[in-house]
Structures are given as structure tokens and as C-alpha cells.
Amino acid sequence: MTTLLSVHGLKVAYGGIHAVRGIDFEVASGELVCLIGANGAGKSSTLKGLMGLVPHGGSIHFDGERVQHAATHTIVARGLALVPEGRGVFGRLTVAENLDMGAYIRRDKPGIKADLARAYEHFPRLAERRAQLAGTLSGGEQQMLAIARAMMGRPRLLLLDEPSMGLAPLMVQKIYETIATIAGEGVTILLVEQNANLALKVSHRAYVMESGAITLSGPSAELANDPQVRAAYLGE
Amino acid sequence: MDIFLQQLVNGLVLGSIYALVALGYTMVYGILELINFAHGEVTMIGAMVALSVIGVLMGAAPDLPGVMVVLAGILVAIPACMALAFGIEKVAYRPLRKAPRLAPLITAIGVSIILQNLAMLIWGRQYVSFPPLLPVARFEFLGAHISLLQIVIVVLAVTIMAGLWLLVEKSRLGRAMRATAQSKEVAELMGVNVDRVISATFIIGAAIAAIAGVMVSAYYGLAHYYMGFMLGLKAFSAAVLGGIGNIAGAMLGGLLLGVIEALGAGYIGDITGGFLGSHYQDVFAFFVLILVLVFRPSGLLGERVANRA
């Protein structure tokens with residue numbers, strides 16, 4: 001497996017607060033890696049740093065090329081996509097327009113059309129509501145839309161920030177089935193979750209983050225059995 | 001009855017010009033939540049540049065048909081205003097993108113003052129008259145007089161508004177503009193170059209303002225370095241009336257404001273028994289602005305109330 005993303009000494013600071021204190025991690029092509037940890041551990045800041053949304057230090061290589069200090073839209077053009085925390089759908093655009101925005105960087109009309117059809121096939125709920133404003137969708141539908149929209153850009157690395165947040169258990173299950181399906185299609189995924197149980201089940205490897213640093217890492221199945229992890233994150 | 005119809009016609013003509021200028025205010029507000037007070041001055045510079053070009057052309061090529069001369073003036077004024085607005089955004093507003101909202105607002109007022117004084121230095125303090133180049137033709141319609149210029153202004157304004165509507169609703173750039181208006185961060189995450197979209201918004205508004213500036217100076221027969229102030233304030237009132245940030249609202253607000261103003265000016269003498277004359281017409285725009293702010297702060301078509309200072 002080839003390394004798709006490699007991060008060394010990533011630091012993110014807001015004003016005087018160090019949210020991420022120099023972390024190293026890697027994601028290989030085709031992997032589903034998760035980053036778990038408590039609220040405020042620096043997980044979201046890590047993703048924002050990767051996307052160039054916040055000032056950051058350290059080095060980030062994507063597919064062998066350095067990407068840090070680039071503008072966010074150029075990072076997106078290289079094949080990274082982030083589904084932000086809280087979904088970030090455009091509430092006053094229709095579902096269809098939201099999906100079109102996901103394909104903004106692409107120019108291949110037939111390919112976009114085919115992907116749109118596939119997205120609707122994947123998410124029949126979105127097909128039913130394609131002409132509706134995204135703001136009128138339920139939280140779970142918005143999360144589906146946000147993921148489908150990110151996939152419209154055909155990313156090579158999909159970053160998901162707390163996709164289960166604020167959703168009913170049944171909807172969480174659906175979202176995780178979707179994530180597993182996308183991963184099964186060969187898309188590389190970096191998943192950030194507070195819900196360690198879920199994340200460890202679906203992922204190949206995991207990193208545990210605590211106050212801005214990575215404290216543990218390894219195959220997800222092993223971490224799920226690690227007494228320390230079980231005590232701290234799985235409520236046992 | 002015929003005075004009513006006449007004033008209605010005059011109001012629609014004036015209103016379509018207000019609507020064009022109001023679009024520039026509302027588009028920028030929609031994306032940056034900034035009231036670009038310099039927009040009235042951009043309109044004024046459009047008129048001034050066009051008049052300068054017209055003056056030069058009349059001297060250099062006296063045989064050229066009048067319509068062509070005016071058209072040439074417009075065609076130079078448009079890129080001039082586009083470049084000006086691009087520069088204003090880049091130099092004055094972009095560095096303040098993350099500053100508290102009051103900072104860019106005050107900067108906008110500063111830019112407006114600078115442009116007025118610059119225009120005064122270049123074109124002087126006196127009124128510049130619009131030469132009689134356009135064919136004068138009048139039609140009668142149910143007792144109201146309509147000039148060819150009035151018809152051209154309304155038709156052109158409606159065409160521009162329809163074009164802008166299509167651009168915003170149907171094009172890739174338009175979709176990016178609407179996405180950026182909702183969330184700059186998420187728009188960036190879609191691969192939108194937000195800086196470029198913001199520049200495009202200023203440039204499009206300025207191109208429309210340039211045309212509106214030429215319209216207004218052709219309609220009144222003159223231009224002046226100070227004309228952008230009142231025109232800008234009225235267009236801003238129109239944008240607020242329609243619901244600032246809302247493009248359809250700016251169009252509706254502009255037309256309504258023009259009609260209210262014209263009818264008000266036509267009847268104010270009768271209503272006050274001759275105490276106030278039609279030169280009080282400017283009062284109406286601001287009277288309407290106050291009423292809107294008191295009773296419907298989000299405007300006629302506005303969906304949300306801006307509650308930040």
C-alpha cells in the first residue's frame with residue numbers, strides 16, 4: 001500500500017491556544033483511518049489544518065507533494081474533501097444545487113451527470129428532495145447530503161468530521177453503512193469521531209488524540225480491546 | 001388621472017435606474033455583509049468617464065452619429081468602473097475581511113469621500129452637461145408623454161436585470177456566488193476561489209452601475225462630481241426596502257422607490273395645499289427608508305434580519 005497522506009509535526013494554534021501540538025500520522029491509499037478522542041482533543045483542528053482553513057505548522061504531504069500553506073480551494077482541487085462538523089450544507093440552495101457545488105472543481109459534464117445519478121441511487125431520500133432547499137432537510141438527511149456532495153468532487157481522500165454528531169441512533173447506523181460502502185468502493189477515508197465504538201468498528205486503523213497530541217495508535221481491532229481505550233473511550 | 005399616469009411613467013424610469021444601482025449594493029451586502037458606500041461614487045465615475053469620452057469623440061469625429069458616440073462612452077465607462085471596483089475591493093476591503101464589521105463600513109465611507117474629491121479634481125466643481133446627441137422623440141400614451149430615452153432606459157434596465165438574474169440563478173459563477181454568500185468557508189471547501197468570486201461580485205455590480213450612471217446623466221442632461229451621493233443613498237434605500245442581500249428585492253425596491261418618489265413629488269403640492277413643492281421629492285426616499293426600518297427591517301423580500309452592527 002502506498003502512503004497517500006503523511007503528516008509530520010502538525011501544529012495548529014488559535015491565538016495563544018495550542019489545539020494541535022505537533023502530531024505525526026499517515027493514511028495509506030484505500031485505508032479507512034479514524035482519529036478518536038474527547039471533545040476538544042484537537043481532532044477537528046487537525047482536519048481544518050489539513051484543508052488549509054486554519055493557520056498551521058509542520059509538514060503535510062499528499063500523494064508525495066507538500067500541500068501546506070496552500071489556499072483551501074487549491075487543496076480541494078488536488079483531491080482532498082472535507083465534510084465539516086455540523087455538515088455545512090448550503091441551506092438556501094436546493095439539494096440538487098448543493099450536489100452541483102460538490103462537483104464545482106470538475107468540468108467533465110457526462111461524468112458529473114453519471115455521479116449525480118449514482119448519488120441519487122445511493123440516497124433515494126435526496127432524489128425525492130432534489131428541488132427542496134437543503135435547509136428544510138432533517139439533520140440526518142443533511143449529513144447524507146454533505147457526504148454525497150463531497151463525493152461529487154471525486155476526492156481521493158475524504159475527511160469526515162463527526163458524521164454521527166446530533167443524529168438519532170437509526171440515522172447514525174445508516175450514515176455508517178454509507179461510510180462503509182464508500183470505503184468499500186476504494187475511497188480513502190480519514191474519519192474523526194467522538195463515538196469511538198462506532199469509529200473503531202468501521203475503520204482499519206486508529207489514532208487516539210488527547211489534548212492536542214496522539215497518545216495511542218494501531219489497528220482498530222486491537223485498540224478496541226486495549227484496556228486503556230476501553231476505560232477512557234468506550235465507557236467501560 | 002393623466003398626472004397620475006405621467007408620474008407613474010416617470011417613476012418607473014427613475015426606479016429602474018435606482019434598481020440597477022441598488023443591485024450593486026445588495027450583491028456586495030449579500031456576500032460580505034458590507035454596505036459599500038462607495039458604490040454611488042462608482043456610478044458617478046461611470047457617468048463622468050462616459051461624458052469625457054463623448055466630449056473627446058465629438059471633437060475628434062463630429063460626423064459620428066450621436067447614438068454611436070454615447071455607446072462608445074458607455075463602452076469605455078463600463079471597464080473603467082469595473083477596474084475601479086476591483087481595485088477598491090482589493091485595496092480597501094480585502095485587508096479588512098476579518099476585521100470587525102465597523103472597520104470596512106467606515107472605510108467604505110472613506111473611499112466614497114476620496115472618489116468624490118478625486119472626481120472634483122479631474123472634472124471640476126461645475127455641472128457637466130450631457131450633449132444633445134440622442135434622438136428626441138415623444139410618444140403619447142393615455143395622456144402621458146413618454147420619450148424614446150425613457151423607453152430605452154426601461155428596456156435596457158429590464159434586460160440587464162433579467163441577464164443578472166440568469167447569471168446568478170443558472171450559471172456556475174452565480175451558484176458559487178450564492179454558495180459564498182451563505183458560507184465562505186464551505187464554499188472554499190467546494191473548491192471555490194472565494195476571493196475571485198468576491199472580486200467578480202464587485203466587478204459585475206460596477207459594470208451595471210456604469211450603465212446606470214450614463215442613464216441618469218442622459219435622463220437629467222447633466223452630471224456632477226457629487227451626483228453619486230444622493231443617487232447612492234436612494235439606491236441603498238431601495239435595496240433596504242426590497243430586503244438587502246436579496247437581488248429580486250433590489251429590483252422591486254428600486255422600482256417602488258422610483259414610483260413613490262414620482263407620485264409623491266406630483267402630489268405633494270396638492271396634499272399640503274401648496275406649502276411644500278415638488279423639490280421635496282428627495283424626502284420620500286428617506287421617509288420610506290425610515291418606515292421600512294421601523295415596520296419591516298428585513299425589507300419586503302428579505303428573509304432574515306441583520307442583527308449585527
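Numbered from 1 within each chain, the chains take letters A, B, ... in sequence-line order.
Within 6.0 Å of CZ on Phe287(B) lie no more than 12 heavy atoms contributed by other residues, nucleotides or ligands. Crowding of Phe295(B) atom CZ: a count of heavy atoms from other residues, nucleotides or ligands under 6.0 Å not exceeding 12.
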Checklist entry - Would Lys48(A) and Glu185(B) satisfy side chain to side chain contact (heavy atoms under 4.5 Å, CB included), going step by step from the backbone distance to the final call? => result CA-CA 10 Å; Lys48(A) 284 188 174 174; Glu185(B) 183 171 294; 4.0 Å; yes

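Annotation: the span from Asp100(A) atom CG to Met190(B) atom CE amounts to 12.0 Å, rounded to 0.5 Å. Put simply, CZ on Arg149(A) and CG on Leu189(B) are 8.0 Å apart, with the number rounded to the nearest 0.5 Å. Atom-to-atom distance recorded for Lys184(B):NZ and Thr72(A):OG1 is 13.5 Å, nearest 0.5 angstrom.
Taking Arg175(B), Arg172(B), Glu188(B) one by one and counting their heavy-atom pairs under 4.5 Å with chain A, the maximum is reached by Arg172(B).
For chain B, the nearby part of Leu53(A) is the side chain; its heavy atoms alone come within less than 4.5 Å. Contact of Met101(A) with chain B is made through backbone and side chain together, with heavy-atom distances under 4.5 Å.
Nearest heavy atoms, Val186(B) versus Phe90(A): CG1-CZ, 3.6 Å. Between Arg178(B) and Leu93(A), the shortest heavy-atom contact is NH1-CD2, 3.5 Å.
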